[in-house]
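Chain A is the first sequence line, chain B the second, and so forth, proteins listed ahead of strands; every chain is numbered from 1. Owing to the predicted nature of the structure, the values given are computational and were not obtained by experimental measurement.
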2 protein chains.
Amino acid sequence: MATGRTHRPATRSRGIPEATVARLPLYLRALTALSERSVPTVSSEELAAAAGVNSAKLRKDFSYLGSYGTRGVGYDVEYLVYQISRELGLTQDWPVVIVGIGNLGAALANYGGFASRGFRVAALIDADPAMAGKPVAGIPVQHTDELEKIIDDNGVSIGVIATPAGAAQQVCDRLVAAGVTSILNFAPTVLSVPDGVDVRKVDLSIELQILAFHEQRKAGEEAAGEPGAVPLAPKESGKGPDGDVPAVMPA
Amino acid sequence: MATGRTHRPATRSRGIPEATVARLPLYLRALTALSERSVPTVSSEELAAAAGVNSAKLRKDFSYLGSYGTRGVGYDVEYLVYQISRELGLTQDWPVVIVGIGNLGAALANYGGFASRGFRVAALIDADPAMAGKPVAGIPVQHTDELEKIIDDNGVSIGVIATPAGAAQQVCDRLVAAGVTSILNFAPTVLSVPDGVDVRKVDLSIELQILAFHEQRKAGEEAAGEPGAVPLAPKESGKGPDGDVPAVMPA
DNA sequence: CCATCTTTGTGCACGCGTTCACAAAGACAT
DNA sequence: ATGTCTTTGTGAACGCGTGCACAAAGATGG
């Protein structure tokens with residue numbers, strides 16, 4: 001079992017709180033939409049509504065970046081787009097590799113949201129020799145054997161894992177060994193990585209389970225789960241719907 | 001523009017903190033794996049390691065569910081699997097519809113993690129008439145016109161939106177009107193929904209942007225973004241890598 | 001039945017994130 | 001210039017989540 005660092009102290013990078021960083025892409029998206037409509041300025045109130053957050057939170061978030069607004073007027077859309085892009089590092093080009101070109105991998109390869117924000121799919125990699133050479137989203141799939149070379153040649157530092165759970169850790173290890181320092185993991189596994197490597201995990205099943213939890217709550221305790229299963233079953237009570245919290249987390 | 005409730009007070013459902021709910025699926029996965037290996041009991045330490053969390057946190061999380069452990073021994077795997085499943089509402093069957101059968105929708109339809117946890121893909125829906133009848137993952141795609149009927153006939157309360165951004169709000173409105181009260185949104189849009197409807201958002205592009213932020217940080221301020229773009233540029237300083245926080249959020 | 005050893009369950013303190021509420025800053029009209 | 005009006009930027013309070021550290025609970029062996 002490959003044991004390694006997994007937790008993260010959630011150290012604040014620079015002065016920008018992590019929670020803020022996680023919202024910046026949200027603001028950026030809203031701002032980009034405004035920019036395309038040639039809207040010159042927005043108030044924190046308007047932008048907050050568009051991004052689906054509280055305006056006070058938005059202002060505080062922006063305050064971490066600097067004083068980019070004009071009192072009595074609002075924020076200059078173009079300027080803010082640039083500032084946030086720069087802060088997020090989107091003014092540069094990020095070559096990305098996607099490993100595991102199954103349904104999900106193919107979907108990711110075809111996903112338009114990447115290219116539009118400075119991400120470039122440098123290569124698609126799959127362990128199935130039959131896939132090799134076959135173009136997906138206009139990019140020929142390469143075999144896993146080439147992984148290290150691809151990473152090296154393209155200076156890839158961000159890898160996306162869309163393999164089955166069983167292969168994920170192994171792929172992860174190879175990516176890291178080859179120099180990748182950021183991983184977006186779609187496989188339902190906890191990845192162990194050395195310090196200095198960031199892992200973000202997206203788990204579809206988990207998201208649904210969280211929804212199910214709230215759904216069950218909303219349905220009330222009418223039929224409170226089918227009985228006659230396991231004995232013992234202390235505690236049971238209360239109610240009250242709603243509530244939400246993320247399920248995508250570090251490491 | 002369909003305006004509606006978007007925020008959520010993050011009210012604590014019952015006594016279980018949202019952060020805990022978000023981790024339960026994680027524990028469940030680890031426990032299921034142990035169960036398959038016929039491991040009878042686990043200590044909080046072992047399970048925490050398997051789930052990638054702190055053992056104290058895990059114990060506190062479980063304490064919200066009840067006192068299901070035995071001091072000096074640990075937790076009974078089977079029993080805990082059942083308790084968590086029940087708490088998450090996975091002991092019942094959740095019919096789910098997926099709207100938008102593009103690459104991503106197809107990937108979701110094929111995703112095995114659903115069926116294994118009480119979720120059943122009741123129908124696949126797409127706006128393209130050419131898709132109608134075509135089987136994806138063994139399920140024939142149905143046209144959007146049938147949406148309301150499908151929701152109603154199958155008693156669907158959870159919907160997955162995998163359409164392009166432009167269609168998302170419209171689809172969302174129809175799902176909600178038809179009776180869906182939980183939505184998993186993959187479209188890069190902020191959805192407006194009435195009170196009582198839960199929305200969880202998964203945004204691939206956002207995840208990558210957050211990684212890019214940290215990556216940029218790790219790369220140091222060597223080449224601190226290409227200059228010569230926008231004027232003005234107050235503040236600039238510090239450094240320090242690492243840090244992580246989720247980007248999947250309510251509404 | 002008692003001693004010892006393991007592991008849970010939790011009281012407590014700390015820090016991050018959110019929100020309120022308002023003073024400061026600037027635009028704009030007169 | 002001066003006053004009014006709008007909107008930002010932030011100080012401060014609060015609440016949630018995390019992690020420490022330990023007492024209580026039970027298993028196990030003699």
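- A salt bridge links A/Arg217 to B/Glu87: one of the charged nitrogens lies within less than 4.0 Å of a carboxylate oxygen.
- With D/dA27, D/dC20, D/dT8 as the choices, the nucleotide that has an atom nearest any side-chain atom of B/Ala56 turns out to be D/dC20.
- A/Phe62 places its CZ atom 12 Å from the C1' atom of D/dT8, with the value rounded to the nearest Å.
- Applying the 4.0 Å criterion to OP1 and OP2 of D/dG9, one finds that A/Tyr75 has a side-chain N or O inside that range.
- In the model, A/Ser205 has a side-chain atom that pairs as donor or acceptor with a side-chain atom of A/Gln209 under 3.5 Å.
- Distance, B/Asp76 CG to D/dG26 C1': 16 Å, rounded to whole Å.
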List, with names and distances, any nitrogen or oxygen atoms from the protein found under 3.5 Å away from nitrogen or oxygen atoms belonging to nucleotides 11-14 of chain C.
{"unit_1": "C/dG11", "atom_1": "O6", "unit_2": "B/Lys60", "atom_2": "NZ", "d": "3.2"}
{"unit_1": "C/dC12", "atom_1": "N4", "unit_2": "B/Lys60", "atom_2": "NZ", "d": "3.2"}

Name the pairs: protein N/O against N/O of nucleotides 22-25 of chain C, kept only if under 3.5 Å.
{"unit_1": "C/dA24", "atom_1": "N3", "unit_2": "A/Arg71", "atom_2": "NH1", "d": "2.6"}
{"unit_1": "C/dA25", "atom_1": "O4'", "unit_2": "A/Arg71", "atom_2": "NE", "d": "3.4"}

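- Annotation for A/Gly52 and B/Val190: closest pair CA-CG1, 4.1 Å, computed over non-hydrogen atoms.
- Considering only side-chain atoms of A/Ser63, the nucleotide from D/dG9, C/dC20, D/dA27 that sits closest is D/dG9.
- When the P atom of C/dT8 is taken as reference, atom CG of B/Leu65 falls 15 Å away, rounded to whole Å.
- A side-chain donor-acceptor contact under 3.5 Å links B/Thr32 to the backbone of B/Leu28.
- Between the CG atom of B/Leu58 and the P atom of C/dT10 there is a distance of 14 Å, given to the nearest Å.
- Closest to the A/Ala19 side chain, of the nucleotides C/dT18, D/dG19, D/dG17, is C/dT18.
- In plain terms, the two heavy atoms of B/Ala162 and B/Phe186 that are nearest each other are CA-CB, 4.4 Å.
- In the set D/dT8, C/dG9, D/dA27, D/dT8 carries the atom at the smallest distance from any side-chain atom of A/Ser44.
- Rounded to whole angstrom, the span from the CG atom of B/Leu47 across to the C1' atom of C/dT7 amounts to 14 Å.
- B/Glu18 places its CD atom 17 Å from the C1' atom of D/dT18, with the value rounded to the nearest Å.
- Picking from D/dT18, D/dG26, C/dG9 the nucleotide with the shortest atom distance to the side chain of B/Lys57 gives D/dT18.
- For the pair B/Tyr64 OH and C/dT8 C1', the computed distance is 15 Å after rounding to whole Å.
- The side chain of A/Pro17 lies closest to C/dG17 when the candidates are C/dG17, D/dT8, D/dG26.
- Closest of all the heavy-atom pairs between A/Ala22 and A/Pro25 is O-CD, 3.6 Å.
- Ring centers of B/Tyr79 and B/Tyr68: under 6.0 Å apart, within the cut-off.
- Rounded to whole Å, atom P of D/dC5 lies 19 Å from atom CD of A/Glu45.
- Applying the side chain to side chain contact (heavy atoms under 4.5 Å, CB included) test between A/Ile161 and each of A/Ile183, A/Val180, A/Thr189 identifies A/Ile183 as the sole match.
- The two residues B/Leu47 and B/Ala30 have their closest heavy-atom pair at CD1-CB, 3.7 Å.
- What you find for A/Thr163 and A/Val99 is that their closest heavy atoms are CG2-O, 3.5 Å.
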